[in-house]
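Worksheet: one structure, shown below.
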Amino acid sequence: MPQQESSVIRVRFAPSPTGYFHVGGARTALYNWMLAKQSGGKFVLRIEDTDAERNKEEWVDGICNAMSWLGITWDEGPIRQSSRTQRHVEMALSLIEKGDAYYCDCRREDVEERNKASERTKQGYDGYCRERNLEKSPTTVLRYKVPADGSTTVNDLVRGEVVVANENIDDFVLLKANESPLFVLANVVDDIDMEISHVLRAEEHLPNTPKAVLLFKSFGKEAPLFAHVPVLVNEKRQKLSKRRDRVAVEDFKDKGFLPEAMINYLALLGWSPKDNREFMTLEEMTAEFSIEDVGHSPSFFDEKKMEHFNGVYIRALSDTDFVHLVLPFMEKSNWWEGSDENREKLFRLASITKERVSLLGQAPDLLMPIFAPSIVVDDTLFEKEVSPHSNLISQVAVLCQELDCFDAPSIEAMLRDLSATSEIPLRKLQAPIRVATTGAKAGLPLFELWEHTGRERIIERLIAASQNSNS
RNA sequence: GGCCCCAUCGUCUAGCGGUCUAGGACAUCACCCUCUCACGGUGAAGACACGGGUUCGAACCCCGUUGGGGCUGCCA
């Protein structure tokens, strides 16, 4: 096959704005991006909005924002397919003269009826109007006349050769009755005009690719290289669906996923580097990515594993970056006051917080006992963990009062001392006072937590706890 | 129903005819570390769908079966 190896790679990512941007689309976009960037090629963002009924402009913004957040940049676009309707129609009409297209006035019900009546095992359009030489009218669609014999081959970079007998390809619609262009037509015309070299998309498009190949041929153009990557599936092994599955990129952003972690995880769904390592930067992945090495079977999108990746990325963050990234999540809490003092405190808490969260959104819960003026202790938990130890708790309150300096080392020394004299292991001793001062059984290391909460509030909470136990 | 695609631990994968008593990661479990939790460390359990070939030799090649998925629109 003569191939344009010398010319630049031009790919396009072509979402239709019929819903939010989901992880499946993100992975397809990412693969396209890596394919283009590894050789200095161009990435075109094309919005496939030929179906005016289903598209909404706000989805376009959503897609662009989510892609930008992930770091998937585009060199051209977003180009609305709807802005090129005239060109699509013109190209479709040119096929009539070539004898490759014809008008058809069959209604869907008519076709179904005929199929039912005949012995035909296939269900699609039966070619009823092929030789009727209909004129254009408000009720006619324009169909492509698929050759009766022979077969059409799709040469796919990940699947290999896919051969389909032409008799199994229906005469598909090019132009609706209202003369608006349809997917395959618009796709092919735009790919030609935009000089797309590689069409990398999800496997769900494989069945209509022979139609595209036929069109390229009719237009006298060489088809681009195709690469159909497996779809992403849910736990029931069905293709991820915007409606059924909660997989919006934006939702993951809101939960506190880092774009780098998502990109890293997503890239590994269907592809892996030669040495099978998992943590890679976008640059490293781009350098090593190879479309031929993409797997052939669907991958389950495992949010748990992605969260693990996210935790690793969070822990690798500098304290400064962590504070910067976690601040928006803190600001969602009504107890958070964004003072310089609090930001400084947050910075000093960064390292012990980082290793306890796998999502940025988990940080506020951990930090609430320190920054919130008051805490809430669940009744059952209080009865179980706090009440039996009211004496101990009031004793600790006194010791806190007596401490020269209320910092972590002093607090630790004080509690270890108490542990030794009272013969209560530190691990047992910390439980009631932790619940009394934080409302939770687990959380940040107690000594640092107390230091940053401040002596006054800690003593206040300890006293309140011991008094509530007595009554 | 028809057409097409796919098939290694529960999941993501390594493996591209001999190095496989099948390696790694997530999840699970146990132990260690430890002020709780977490991080980290060590270890356990866990897979080549099945049947035929080809070959001295098959997870790797071929065929079939089974199972799964996608498409089947005047959606994309």
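The analysis underlying the following values was restricted to heavy atoms, covering all of them including side chains, and did not include hydrogens, waters or symmetry mates. Here is the naming used below: chain letters follow the sequence lines, and residue numbers restart at 1 for every chain.
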Rounded to the Å, how far apart are [X] [atom1] and [N] [atom2]?
{"X": "A:E448", "N": "B:U36", "atom1": "CD", "atom2": "P", "value": "13 Å"}
{"X": "A:F300", "N": "B:A47", "atom1": "CZ", "atom2": "P", "value": "20 Å"}
{"X": "A:M262", "N": "B:C26", "atom1": "CE", "atom2": "P", "value": "19 Å"}
{"X": "A:L232", "N": "B:C5", "atom1": "CG", "atom2": "P", "value": "21 Å"}
{"X": "A:E48", "N": "B:A76", "atom1": "CD", "atom2": "C1'", "value": "7 Å"}
{"X": "A:K354", "N": "B:G40", "atom1": "NZ", "atom2": "P", "value": "13 Å"}
{"X": "A:L349", "N": "B:A38", "atom1": "CG", "atom2": "P", "value": "19 Å"}
{"X": "A:L240", "N": "B:G68", "atom1": "CG", "atom2": "C1'", "value": "16 Å"}

Have a look at [X] and say if it touches a base, only the backbone sugar-phosphate, or nothing, with a 4.0 Å heavy-atom cut-off.
{"X": "A:L426", "result": "sugar-phosphate"}
{"X": "A:T140", "result": "nothing"}
{"X": "A:R277", "result": "nothing"}
{"X": "A:R201", "result": "nothing"}
{"X": "A:A431", "result": "nothing"}
{"X": "A:V173", "result": "sugar-phosphate"}
{"X": "A:N208", "result": "base"}
{"X": "A:N276", "result": "base"}
{"X": "A:G270", "result": "sugar-phosphate"}
{"X": "A:H205", "result": "base"}
{"X": "A:F447", "result": "base"}
{"X": "A:T50", "result": "sugar-phosphate"}
{"X": "A:L444", "result": "base"}

- Message: Among A:K211, A:R143, A:R130, which residue satisfies the salt bridge (charged side-chain N to carboxylate O under 4.0 Å, His left out) criterion with A:D171?
- Response: A:R130

When you get a sec, tell me which of [options] is the closest nucleotide to the side chain of [X]?
{"X": "A:K176", "options": "B:C35, B:C74, B:A27", "result": "B:C74"}
{"X": "A:V164", "options": "B:C4, B:C12, B:C74", "result": "B:C4"}
{"X": "A:R315", "options": "B:C6, B:G2, B:C39", "result": "B:C39"}
{"X": "A:D51", "options": "B:C75, B:C35, B:C6", "result": "B:C75"}
{"X": "A:P207", "options": "B:G70, B:C74, B:G2", "result": "B:G70"}

- A:Y125: which of A:V111, A:N115, A:V141 passes side chain to side chain contact (heavy atoms under 4.5 Å, CB included):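 The passing option is A:V111.
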
- For A:N264, which of A:E284, A:M285, A:M306 qualifies under side chain to side chain contact (heavy atoms under 4.5 Å, CB included)?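 So the option named by the test is A:M285.
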
Report yes or no: is there a donor-acceptor pair, N or O only, under 3.5 Å between the side chain of [X] and the base of [N]?
{"X": "A:R159", "N": "B:C5", "answer": "no"}
{"X": "A:R54", "N": "B:C75", "answer": "yes"}
{"X": "A:K305", "N": "B:A27", "answer": "no"}
{"X": "A:E203", "N": "B:G70", "answer": "no"}

Span that lies between the [atom1] atom of [M] and that of [N], in whole angstrom:
{"N": "B:G73", "M": "B:C16", "atom1": "P", "result": "43 Å"}
{"N": "B:A47", "M": "B:A25", "atom1": "C1'", "result": "15 Å"}
{"N": "B:G67", "M": "B:U8", "atom1": "C1'", "result": "16 Å"}
{"N": "B:U36", "M": "B:U19", "atom1": "C1'", "result": "47 Å"}
{"N": "B:A22", "M": "B:C60", "atom1": "C1'", "result": "12 Å"}
{"N": "B:A7", "M": "B:G24", "atom1": "P", "result": "23 Å"}
{"N": "B:C39", "M": "B:G51", "atom1": "C1'", "result": "49 Å"}
{"N": "B:U11", "M": "B:C4", "atom1": "P", "result": "28 Å"}

- A:E260 and A:L317, any side-chain heavy atoms less than 4.5 Å apart: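 Result no, sub-4.5 Å side-chain heavy-atom pair not found.
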
- Item | Electrostatic pair A:R132-A:D105, nearest N-O below 4.0 angstrom |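 Yes, charged N to carboxylate O under 4.0 Å.
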
Is [X] close enough to [N] that one of its side-chain N or O atoms is under 4.0 Å from OP1 or OP2 there?
{"X": "A:R356", "N": "B:U36", "answer": "no"}
{"X": "A:R416", "N": "B:C35", "answer": "yes"}
{"X": "A:S419", "N": "B:C35", "answer": "no"}
{"X": "A:K239", "N": "B:C71", "answer": "yes"}
{"X": "A:S299", "N": "B:C12", "answer": "no"}
{"X": "A:R237", "N": "B:C12", "answer": "yes"}

- Message: Counting only heavy atoms not in A:R277 (residues, nucleotides, ligands), do more than 12 fall under 6.0 Å from its CZ?
- Response: yes

Strand partner of [N], provided both Watson-Crick or wobble distances fall under 3.5 Å:
{"N": "B:C3", "value": "B:G70"}
{"N": "B:C29", "value": "B:G43"}
{"N": "B:C50", "value": "B:G64"}

- Hey, which of these two, A:K304 or A:K236, hits RNA chain B nearer its 5' end, going by closest nucleotide? A:K304

- Which residue lies more 5' along RNA chain B, comparing A:K211 with A:E412 via nearest heavy atoms: A:E412

- Message: Evaluate A:W74 against A:F13 for ring-ring contact (aromatic ring centres under 6.0 Å, His included), listing each step before the verdict.
- Response: CA-CA 9 Å; A:W74 50 96; A:F13 175 61; 9.7 Å; no

- Task: Give a yes or no on whether the backbone of A:I352 and the side-chain of A:R356 come within a donor-acceptor separation of less than 3.5 Å.
- Result: yes

- Message: To check you understand the geometry: which heavy-atom pair defines the closest contact between A:D100 and A:Y144, and what is its length?
- Response: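 That closest heavy-atom pairing would be O-CD1, 3.3 Å.
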
- Task: Assert yes or no for the condition that the ring centre distance of A:F252 to A:F309 is strictly below 6.0 Å.
- Result: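 So the answer is no for these two rings.
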
